[in-house]
Amino acid sequence: SESEFSISNNATVHHAHGSNQPRNITLGDRETTLDFMLFFESTTNRDKYYNLSKQSAVLKFTGNGLAGGYTEALTINIYQSRVESFELETGLSDMFAEKVQVIAEWDNANSADTTAVLRNVRASY
C-alpha cells in the first residue's frame, strides 16, 4: 500500500530591494493532508467504508521495544478532518479501490488541527 503524509506551512520569503538576504518570512495557512489507497475485496466491505462517519484520524508508526514495556512510536493526531475520495477502476471483478485524501481542519476544542507525539530513547534533541 502507498501513503503520503504532508504538512505545508506555505511560507513566503520577502526580499528588500538591493539585498540578497530576506527581509522577513511570513507563514500562510498550514495545510496537513494524508493520502492513501484502500482496497476492498467485496461490495460489502466497500459499502461499510462509505457508511462510516469520518471525523478524525490517527496515523501511528511503531518501532522497537523500549524498557518498561513501551515501544518506539510516532503518533500523529488529526483532530477534525474532511475526507475526499474517488473510486478507481481495478479491472478485476470483486476488487475495488479508493484513492483517499484526509484533510485536517482546525478544531476549536483542541486549538489545533494536528499534533504529534514521538516516543524513543533520546532524552532531548
Side-chain angles (χ1 to χ4, degrees):
S1 174
E2 179 181 309
S3 63
E4 181 179 326
F5 179 73
S6 173
I7 298 176
S8 174
N9 63 7
N10 292 311
T12 304
V13 178
H14 302 277
H15 291 277
H17 180 71
S19 174
N20 291 339
Q21 299 299 316
R23 181 177 60 201
N24 64 5
I25 298 172
T26 57
L27 301 178
D29 291 337
R30 185 169 65 177
E31 296 175 359
T32 305
T33 58
L34 170 62
D35 296 279
F36 57 92
M37 293 285 296
L38 290 175
F39 296 94
F40 307 101
E41 294 181 355
S42 69
T43 55
T44 302
N45 289 337
R46 183 197 63 194
D47 293 345
K48 284 181 182 178
Y49 165 75
Y50 285 149
N51 293 325
L52 287 174
S53 175
K54 304 163 193 82
Q55 297 177 358
S56 63
V58 175
L59 181 61
K60 186 169 187 175
F61 300 95
T62 57
N64 296 324
L66 300 171
Y70 293 105
T71 303
E72 293 175 333
L74 172 61
T75 304
I76 301 167
N77 301 297
I78 300 174
Y79 293 104
Q80 185 170 307
S81 65
R82 70 179 190 274
V83 176
E84 296 178 3
S85 67
F86 61 92
E87 186 175 351
L88 297 175
E89 180 60 46
T90 64
L92 302 171
S93 59
D94 296 329
M95 177 59 83
F96 305 93
E98 289 280 326
K99 176 74 174 162
V100 182
Q101 183 176 58
V102 177
I103 301 157
E105 296 180 339
W106 187 258
D107 181 43
N108 289 327
N110 291 291
S111 296
D113 62 358
T114 308
T115 60
V117 177
L118 175 65
R119 179 188 302 139
N120 62 16
V121 295
R122 293 189 63 98
S124 63
Y125 286 90

What are the two closest heavy atoms between [X] and [Y], and how far apart are they?
X: Ile25; Y: Val13; result: CG1-CG2, 4.2 Å
X: Leu88; Y: Met37; result: CD1-CE, 3.0 Å
X: Leu27; Y: Ala11; result: CD2-CB, 3.8 Å
X: Arg23; Y: Ala16; result: CB-N, 4.1 Å

Counting distance only, does the side-chain N/O of Asn110 pair as donor-acceptor with the main-chain N or O of Ala112 below 3.5 Å?
->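 Absent.
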
Under 3.5 Å, is there a donor-acceptor pair between the side chain of Thr90 and the main chain of Met95?
->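 At least one qualifying donor-acceptor pair exists.
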
Distance check, rounded to the nearest 0.5 Å: [X] atom [atom1] versus [Y] atom [atom2]?
X: Ile103; Y: Thr32; atom1: CD1; atom2: OG1; answer: 10.5 Å
X: Ile76; Y: Leu118; atom1: CD1; atom2: CG; answer: 10.0 Å
X: Asn120; Y: Glu72; atom1: CG; atom2: CD; answer: 6.5 Å
X: Ser3; Y: Leu59; atom1: OG; atom2: CG; answer: 7.0 Å

Go through the steps for Glu98 and Phe40 under the test side chain to side chain contact (heavy atoms under 4.5 Å, CB included), then give the verdict.
-> CA-CA 8 Å; Glu98 289 280 326; Phe40 307 101; 3.6 Å; yes

Near [X] [atom1], under 6.0 Å, is it more than 12 heavy atoms from other residues, nucleotides or ligands?
X: Asp29; atom1: CG; result: no
X: Lys99; atom1: NZ; result: yes
X: Glu87; atom1: CD; result: yes
X: Tyr70; atom1: OH; result: no

State which residue, out of Thr115, Thr114, Asp113, fulfils the side-chain contact (heavy atoms from CB on, under 4.5 Å) condition with Tyr79.
->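 Of Thr115, Thr114, Asp113, side-chain contact (heavy atoms from CB on, under 4.5 Å) with Tyr79 is met by Thr115 alone.
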
Stepwise, does the side chain to side chain contact (heavy atoms under 4.5 Å, CB included) test hold for Val100 with Tyr49?
-> CA-CA 11 Å; Val100 182; Tyr49 165 75; 3.4 Å; yes

Check for me, please, whether [X] and [Y] land in the same ILVMFWY cluster - side-chain distances under 4.5 Å, paths through other members count.
X: Leu74; Y: Val58; value: no
X: Tyr50; Y: Phe36; value: yes
X: Phe5; Y: Val83; value: yes

Residue pair Gln101 / Asp35, side-chain donor-acceptor N/O under 3.5 Å |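 Yes, Asp35 and Gln101 have a side-chain donor paired with an acceptor closer than 3.5 Å.
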
Between Arg46 and Phe96, is NZ or CZ placed under 6.0 angstrom from the six-membered ring centre and within 45° of the ring axis?
->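 Output yes; distance and angle both within limits.
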
Steps toward side chain to side chain contact (heavy atoms under 4.5 Å, CB included) verdict (Asn10, Thr12) = CA-CA 7 Å; Asn10 292 311; Thr12 304; over 6 Å; no

